[in-house]
Amino acid sequence: MITKLRLQNCCSKMTGLATLFFLLATMFLCTGLKGHALAQTRIVVVPFYTEEGSEKWDSRHYRRILSFINNQLVRHDFEVVNRRGTELKEEEYNRYMETAHKDSALASLEMCKKYATDLAYIVWLKVKRERTSDGYCRAEVRLEGEGYDSAGRDLGAAVSKKFVVTKRDCDDAIAEAEKEVADLVGRKLTAWHGSGSGRVVSTEPVSTGTRHTGSDSEGEGGVIQRRADKLENLINVRLDGATEYELTEVFGKVLNTARGIAEAKRYRSRIEPDNPQASVVIWRVRIEDTDPFRLQANVMKMIHDILDSGGEIHMKGVTYRYSAAEVDLLKGIRSGDSSSREIQFVIDRERARDREFEGRHDPYKARESHRTSPGFE
């Protein structure tokens with residue numbers, strides 16, 4: 001009997017230790033996942049070259065500037081899309097340069113979409129050369145840059161740096177100056193910002209697991225990383241083609257109740273009844289426990305659920321009711337282009353007409369079927 005009790009006590013202790021070990025392992029795993037499972041910030045750098053007032057294509061300058069800025073970004077754990085690894089034609093380069101001169105934010109948006117990045121950093125390289133009285137070549141290189149995220153929002157990371165080198169050979173002088181100024185800009189963009197110090201204290205690489213969304217005085221990492229972290233959960237939602245105010249109200253109601261959205265605020269509304277292409281409404285939403293692409297799928301699923309149920313949907317224990325007229329307005333909405341910071345929905349009138357013609361999502365029939373289905377109260 002005593003042996004049996006001792007055996008039971010021993011088993012109980014072993015079970016308790018096993019449970020404790022399991023809990024500790026689970027806590028360790030969860031902590032590790034929370035710290036390191038976050039994706040790296042993905043960025044592309046786009047340089048433009050100007051020499052003594054004449055813009056021209058020169059792959060040497062393009063490659064040199066890109067390399068030394070990217071070196072610092074990679075060193076600080078950014079996921080860098082290197083455009084040298086992709087085909088770049090002179091015509092494409094000139095088109096981006098022209099767009100960047102007029103609207104650098106628009107050029108950054110195009111680059112983020114083209115290369116599927118979170119951020120784009122545009123730099124302008126200006127080179128001036130002259131011969132000194134003793135026969136040397138003096139090269140003066142100025143590098144200016146601006147950064148934007150994939151929703152076109154300014155990162156507040158504008159820089160302007162100059163470097164001067166004098167050598168016998170002009171090509172050597174320009175190459176040395178470009179290398180130095182590009183490395184300097186890369187270091188400025190990624191310089192470590194210590195917690196609470198408000199100054200650069202180190203240039204050690206930023207861990208991908210260290211991601212903060214607090215104020216600048218509490219953040220860590222370079223200026224680009226800190227700003228990108230702050231904007232990570234703030235997503236722009238566009239609705240294009242809405243020519244009726246009622247439709248924007250119904251869609252806004254969907255956004256405020258969709259899974260993954262903590263809050264939604266309308267920032268722009270332009271409605272032209274006779275011009276769908278010029279009509280646009282923009283919301284800024286704060287997301288939680290989701291990402292923009294999953295959010296886009298959640299919104300479309302909610303719209304389909306509303307249509308299928310005839311306008312009555314239950315979410316988190318709350319019943320949301322849409323009128324038959326509101327259900328009709330939702331029929332033509334479909335997903336559009338999206339990025340890591342912006343998602344788009346489009347009013348497709350042909351899609352709405354096809355659904356009505358096919359008799360799909362009839363709000364009157366669906367609502368009556370929903371009311372008479374088993375389990376409905």
Could you please spell out the steps behind the side-chain contact (heavy atoms from CB on, under 4.5 Å) verdict for Arg238 and Val281? CA-CA 6 Å; Arg238 292 176 57 98; Val281 185; over 6 Å; no
Let me see the working for Asp291 and Arg294 under salt bridge (Lys or Arg N to Asp or Glu O under 4.0 Å), right down to the final yes or no. CA-CA 5 Å; Asp291 59 68; Arg294 193 182 306 168; 3.4 Å; yes
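- A salt bridge is absent between Lys179 and Asp183: the closest approach of a Lys/Arg side-chain nitrogen to an acidic carboxylate oxygen does not fall below 4.0 angstrom.
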Give the C-alpha distance, both sets of side-chain angles, the deciding distance and a yes or no for side-chain contact (heavy atoms from CB on, under 4.5 Å) between Ile224 and Phe78. CA-CA 10 Å; Ile224 292 183; Phe78 283 87; 3.9 Å; yes
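- Side-chain atoms of Ser339 come within 3.5 Å of backbone atoms of Ser150 as a donor-acceptor pair (strictly under, hydrogens ignored).
- Annotation: side chain of Asp305 is in contact with side chain of Lys301 (closest heavy-atom distance under 4.5 Å).
- For the residue pair Leu247 and Ala242, the shortest heavy atom distance occurs at CD2-CB, 4.1 Å.
- For Glu140, the salt bridge (charged side-chain N to carboxylate O under 4.0 Å, His left out) partners at least two apart in sequence or on another chain are Arg138.
- Using a cutoff of 4.0 Å between basic side-chain nitrogens and carboxylate oxygens, Asp172 and Arg168 are not scored as salt-bridged.
- A salt bridge between Arg286 and Glu232 is absent, with no side-chain N of the basic residue lying under 4.0 Å from a carboxylate O of the acidic one.
- Thr41 and Gln225 share a side-chain donor-acceptor pair at under 3.5 Å.
- You'll find the side chain of Cys112 stays beyond 4.5 Å of the side chain of Leu119, heavy atoms only.
- Closest approach of Ser338 and Gln344 over heavy atoms only: OG-N, 3.7 Å.
- A cation-pi geometry, defined here as NZ or CZ lying under 6.0 Å from the six-membered ring centre and within 45° of its normal, holds between Lys253 and Tyr322.
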Let's go through Val159 and Glu144 carefully: what are the C-alpha distance in whole Å and the side-chain angles of both, what is the deciding distance for side-chain contact (heavy atoms from CB on, under 4.5 Å) to 0.1 Å, and is it a yes or a no? CA-CA 5 Å; Val159 296; Glu144 298 178 347; over 6 Å; no
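- Applying the salt bridge (charged side-chain N to carboxylate O under 4.0 Å, His left out) rule to Asp169 yields no partners; only residues at least two apart in sequence or on another chain are considered.
- Val223 has its side chain out of reach of Leu155: every pair of non-hydrogen atoms, C-beta onward, lies at least 4.5 Å apart.
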Could you go through Thr290 and Arg259, starting from their C-alpha distance and side-chain angles, then the distance that decides it, and tell me whether this counts as side chain to side chain donor-acceptor pair (under 3.5 Å)? CA-CA 9 Å; Thr290 189; Arg259 182 175 300 163; over 6 Å; no
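- Gln40 contributes a side-chain N or O that, together with a main-chain N or O of Asp77, makes up a donor-acceptor pair within less than 3.5 Å.
- Contact record, Trp283 with Leu239: CZ3-CB, 3.7 Å, taken as the closest heavy-atom pair.
- Side-chain atoms of Arg42 come within 3.5 Å of backbone N or O of Ala116 as a donor-acceptor pair.
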Go through it in stages, so that I can follow the logic: the residues are Glu249 and Arg266, the test is salt bridge (Lys or Arg N to Asp or Glu O under 4.0 Å), and I'd like the CA-CA distance, side-chain angles, deciding distance and then a yes or no. CA-CA 10 Å; Glu249 286 295 304; Arg266 187 183 302 193; 3.1 Å; yes
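- Side-chain contact check for Asp118 and Ser340: at least one donor-acceptor pair (N or O, by modelled atom type) lies under 3.5 Å.
- A donor-acceptor pair is defined here as one N or O able to donate and one able to accept, closer than 3.5 Å; no such pair exists between the side chain of Thr117 and the backbone of Lys113.
- Proximity of Ser279 to Arg270: side-chain heavy atoms (C-beta onward) are nowhere separated by under 4.5 Å.
- The main-chain N or O of Asn236 is never found under 3.5 Å from a side-chain atom of Tyr267 such that the two would form a donor-acceptor pair.
- The two residues Ile69 and Ala182 have their closest heavy-atom pair at CG1-O, 3.5 Å.
- In terms of heavy atoms, Arg131 sits closest to Cys137 at NH1-N, 3.7 Å.
- Contact record, Pro276 with Thr243: CA-CG2, 3.7 Å, taken as the closest heavy-atom pair.
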